[in-house]
Amino acid sequence: MNIQLLKPKFEGEMSLEESIFNRKSIRSFKDKEIEIEKLSQLLWAAQGENLSKRTVPSAGAIYPIEIYVFLKKKGLYHYHYKKMLLKREIEENPNENILRQLAQYCLSQNFIYEAPLNLIICVNYPKITRGYGERGKRYALIEVGHCAQNVHLEAVALGLGSVPIGAFRDRKISQLLRLPEDLDPIYIIPIGYEK
Ligand SMILES: Cc1cc2nc3c(=O)[nH]c(=O)nc-3n(C[C@H](O)[C@H](O)[C@H](O)COP(=O)(O)O)c2cc1C
């Protein structure tokens with residue numbers, strides 16, 4: 001089942017400055033789902049629409065980033081920013097326990113398995129190198145940084161915690177999540193309520 005997300009809110013309980021001040025890496029999560037309002041807000045911060053184009057800048061407005069989320073017990077979803085939709089790509093099931101494997105391929109960082117939500121930032125390198133050549137790779141990674149920071153700050157503003165994960169086995173993650181050939185996973189961000 002796909003998930004229809006809600007429109008973002010532009011007012012919150014925390015100022016941007018407080019959110020920057022409070023941000024830190026959280027590696028222990030409660031067994032508590034993230035509400036649809038907060039899920040919607042996180043995805044919007046990652047790659048949603050804003051007054052200009054999207055919430056994250058992109059070199060030449062090419063937008064090489066694709067966002068996936070793994071919802072514990074539910075499975076893997078691909079974010080469609082225009083429709084504000086999460087399209088299910090893989091259903092989680094007790095036999096496979098994909099989330100456990102995900103944690104394992106992140107060098108057994110087991111808090112990944114605890115988090116109700118893991119956001120996976122992927123890059124389509126061919127899309128950006130077509131215009132910018134090799135330099136496009138640099139631009140794509142810079143954009144991933146913009147995107148991740150938006151997510152971390154939004155998480156804090158929503159009363160959630162997160163941590164950026166860069167240590168994982170790229171090929172294994174791509175195979176496990178059955179990512180399209182032209183996508184590379186760059187960053188994984190577990191998010192949840194701090195334990
Ligand atoms: C590129 C990058 C990769 C990281 N990879 C991991 C990781 O694989 N596992 C982890 O627990 N933390 C990871 N971190 C988080 C850092 O350990 C953390 O940001 C640092 O210790 C500073 O702490 P703070 O985030 O609480 O300010 C990563 C951070 C960055 C910027």
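Note that ligands are numbered from 1 as they come in the structure, with each ligand's atoms numbered from 1 the same way. Numbers here are sequence positions counted from 1. Given the structure is predicted, the values throughout are model-derived calculations rather than measurements.
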task = Please test Tyr125 against Ile186 for side-chain contact (heavy atoms from CB on, under 4.5 Å), starting from the C-alpha separation and ending with a verdict.
result = CA-CA 11 Å; Tyr125 283 123; Ile186 306 296; 3.5 Å; yes

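- For ligand 1, one of its N or O atoms has an N or O atom of Ala167 under 3.5 Å away.
- Side-chain contact check for Leu179 versus Cys122: some heavy-atom pair is nearer than 4.5 Å.
- The side chain to side chain contact (heavy atoms under 4.5 Å, CB included) test with Arg100 singles out one residue from Ile98, Leu102, Asn97, and that residue is Asn97.
- Using a 4.5 Å heavy-atom cutoff, the side chains of Pro116 and Lys32 are not in contact.
- For Leu107, no heavy-atom contact with ligand 1 is shorter than 4.0 Å.
- Taking the side chain as every heavy atom from C-beta outward, Phe70 and Tyr68 never approach each other to under 4.5 Å.
- Considering only heavy atoms from C-beta on, Lys83 stays 4.5 Å or farther from Gln4 through its side chain.
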task = List the steps and the verdict of side-chain contact (heavy atoms from CB on, under 4.5 Å) for Phe168 and Asp170.
result = CA-CA 6 Å; Phe168 53 81; Asp170 301 356; 3.5 Å; yes

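- Below 3.5 Å of separation, one finds no N or O of Lys24 facing any N or O of ligand 1.
- Taking the side chain as every heavy atom from C-beta outward, Leu119 and Ile188 never approach each other to under 4.5 Å.
- Proximity of Phe168 to ligand 1 is not established, as no heavy-atom distance is less than 4.0 Å.
- Here the protein heavy atom with the shortest distance to atom 30 (C) of ligand 1 is Tyr187 OH, 3.4 Å.
- Residue Phe111 has no nitrogen or oxygen atom sitting less than 3.5 Å from a nitrogen or oxygen atom of ligand 1, judged on distance alone.
- Not a single protein heavy atom sits closer than 4.0 Å to atom 20 (C) of ligand 1.
- Scanning all protein heavy atoms for the shortest distance to atom 12 (N) of ligand 1 gives Arg27 NH2, 3.3 Å.
- Looking only at protein heavy atoms, the nearest one to atom 29 (C) of ligand 1 is Pro164 CG, 3.7 Å.
- For the residues Arg23, Gln109, His152, the heavy atom positioned nearest atom 8 (O) of ligand 1 is part of Gln109.
- Put simply, the side chain of Phe111 reaches to within 4.5 Å of the side chain of Gln109, judged on heavy atoms.
- Within 4.0 Å of atom 4 (C) of ligand 1, at least one protein heavy atom is present.
- For atom 25 (O) of ligand 1, the nearest non-hydrogen atom of the protein is Ser25 OG, 2.5 Å.
- Checked against a 3.5 angstrom limit, the closest N/O atoms of Gly166 and ligand 1 fall inside it.
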